2 protein chains.
Amino acid sequence: MTEIDRRTENLTSALRRAGVRITRQRAALLSVLAEAEDHPEAVELQRRAEDVVPGISLSTVYRTLTELEAQGVILRHQFEGTPARFEHSETHHHDHMIDVDTGEVMEFANERIEKLQAEVAEALGYEIVHHRLELYVRKKAGGAE
Amino acid sequence: MTEIDRRTENLTSALRRAGVRITRQRAALLSVLAEAEDHPEAVELQRRAEDVVPGISLSTVYRTLTELEAQGVILRHQFEGTPARFEHSETHHHDHMIDVDTGEVMEFANERIEKLQAEVAEALGYEIVHHRLELYVRKKAGGAE
DNA sequence: CTCAATGCAAACGCTTTGCAGCGAC
DNA sequence: GTCGCTGCAAAGCGTTTGCATTGAG
């Protein structure tokens with residue numbers, strides 16, 4: 001069983017747990033999401049799913065994504081100036097760095113930043129429900145291209 | 001000259017520098033923005049401006065906001081689940097904490113987080129153009145209400 | 001007097017929704 | 001066979017834009 005099969009299984013069981021039917025459209029989307037290494041937007045997911053289920057509608061894509069997000073198995077990111085992007089939430093928590101020139105999305109994790117965020121909230125009597133940290137960046141001149 | 005007059009002056013001169021006309025609508029918006037202590041959205045700014053210029057249109061509000069943002073004198077924030085919110089950028093840099101229950105927006109600044117962000121980008125050969133850090137929080141049980 | 005700014009209404013881009021027919025269970 | 005899901009088309013929401021008119025300079 002591959003890593004991707006495992007992820008697909010995970011997404012599928014989340015839907016089953018929610019008591020919904022696994023249709024051809026949903027099965028296609030689940031595997032597309034499981035094998036995505038990037039951060040595709042809804043239309044891109046539709047495009048990829050069409051290889052398996054030609055004619056799948058964008059409404060279905062959005063409805064499924066909304067359901068999966070509610071189940072907590074995928075994440076929806078609203079970066080600046082683009083439609084929402086999605087990724088399965090199996091991997092550990094991370095934040096994002098977006099190259100403003102290319103649109104490329106990279107991931108990073110920094111334990112110390114996380115800790116400081118919690119301290120900031122704590123100091124004011126709050127606890128963090130979730131956060132959003134996005135670095136909009138540009139390759140440095142002379143940097144490795 | 002009050003602090004608010006100073007801010008209004010600052011916003012006005014940014015527009016003048018851009019070579020645009022200071023109309024009644026714009027003058028009203030500039031002072032509304034200057035005296036705002038919160039993070040109002042476009043319709044709210046329109047509402048406040050209407051006290052001075054009844055009938056000011058939302059298009060005008062948006063057009064002026066876009067211009068001021070381009071001049072770098074106001075900031076546009078796209079928090080989750082709400083229309084864009086605006087604030088004059090006179091004060092020093094800060095990030096935001098949003099109470100998910102009340103919608104209240106609070107500001108905070110943390111030098112160490114800023115520094116770590118720069119380091120993360122630097123380590124990968126990038127420099128930060130701008131960032132977005134938002135903490136979606138909830139008052140802790142037993143915390144000062 | 002001129003040309004930029006306004007208000008209106010229409011278009012926009014992304015996302016959600018109502019509905020009649022379809023298909024997973 | 002039931003009833004949840006689908007595709008379609010239409011609506012929603014915040015924001016932008018085209019255009020004829022108005023008003024700042």
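Reckoned from all heavy atoms, side chains included, excluding hydrogens, waters and symmetry mates. Throughout, a chain's letter reflects where its sequence line sits, starting with A, and its residues are numbered from 1. Please read these numbers as outputs of a predicted model, since none were measured by experiment.
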Nearest-angstrom distance from the residue atom [atom1] of [X] to [atom2] of [N]:
X: Tyr62(B); N: dG7(C); atom1: OH; atom2: P; value: 15 Å
X: His77(B); N: dT15(D); atom1: NE2; atom2: C1'; value: 18 Å
X: Leu58(B); N: dT6(C); atom1: CG; atom2: P; value: 13 Å
X: Arg24(A); N: dC22(C); atom1: CZ; atom2: C1'; value: 11 Å
X: Gln46(B); N: dT6(C); atom1: CD; atom2: P; value: 13 Å

Quiz item: Base, sugar-phosphate alone, or nothing: which one does Ser59(B) contact when heavy atoms must sit under 4.0 Å apart?
Solution: base

Quiz item: Within the structure shown, what part of the strands sits under 4.0 Å from Val20(A) by heavy-atom distance: base, sugar-phosphate, or nothing?
Solution: sugar-phosphate

Quiz item: On DNA chain D, nearest-nucleotide positions of Gln25(B) versus Thr66(B): which is more 5'?
Solution: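 Whichever sits nearer the 5' end wins; that is Thr66(B).
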
Quiz item: Nearest nucleotide by nearest heavy atom, which residue falls closer to the 5' end of DNA chain D, Ile22(B) or Ala84(B)?
Solution: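 Going by which nucleotide is closer to the 5' end, it is Ala84(B).
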
Quiz item: Is it true that Arg48(B) and Glu44(B) make a salt bridge, defined as a side-chain N closer than 4.0 Å to a carboxylate O?
Solution: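 So Arg48(B) pairs with Glu44(B) through a salt bridge.
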
Exercise. May I ask you to say whether Glu3(A) pairs ionically with Arg6(A), meaning some side-chain N is under 4.0 Å from a carboxylate O?
Key: yes

Quiz item: Under 4.0 Å between a side-chain N/O of Thr23(A) and OP1 or OP2 of dT6(D), yes or no?
Solution: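 True: Thr23(A) side-chain N/O within range (under 4.0 Å) of dT6(D) OP1/OP2.
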
Exercise. Look at the side-chain N and O atoms of Arg26(A) and state whether any lies under 4.0 Å from the OP1 or OP2 oxygen of dA24(C).
Key: no

Quiz item: How are the rings of His94(A) and His96(A) set relative to one another: parallel (under 30°), tilted (30 to 60°) or perpendicular (over 60°)?
Solution: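 Aromatic pair His94(A)/His96(A) classed perpendicular.
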
Practice problem: Would you kindly check whether a donor in the side chain of Arg63(A) faces an acceptor in the base of dG4(D), or vice versa, at under 3.5 angstrom? | Solution: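 Side chain to base: no pair present.
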
Quiz item: Which nucleotide, dC3(C), dG7(C), dC14(C), lies nearest any side-chain atom of Pro83(A)?
Solution: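 From the listed options, dC14(C) comes nearest.
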
Quiz item: Arg76(B) side chain: which of dT15(D), dC25(C), dT2(C) is closest?
Solution: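 From the listed options, dT15(D) comes nearest.
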
Practice problem: Using a cut-off of 6.0 Å, state whether more than 12 heavy atoms not belonging to Arg76(B) lie near its atom CZ. | Solution: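 Buried by this count: over 12 neighbours within 6.0 Å.
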
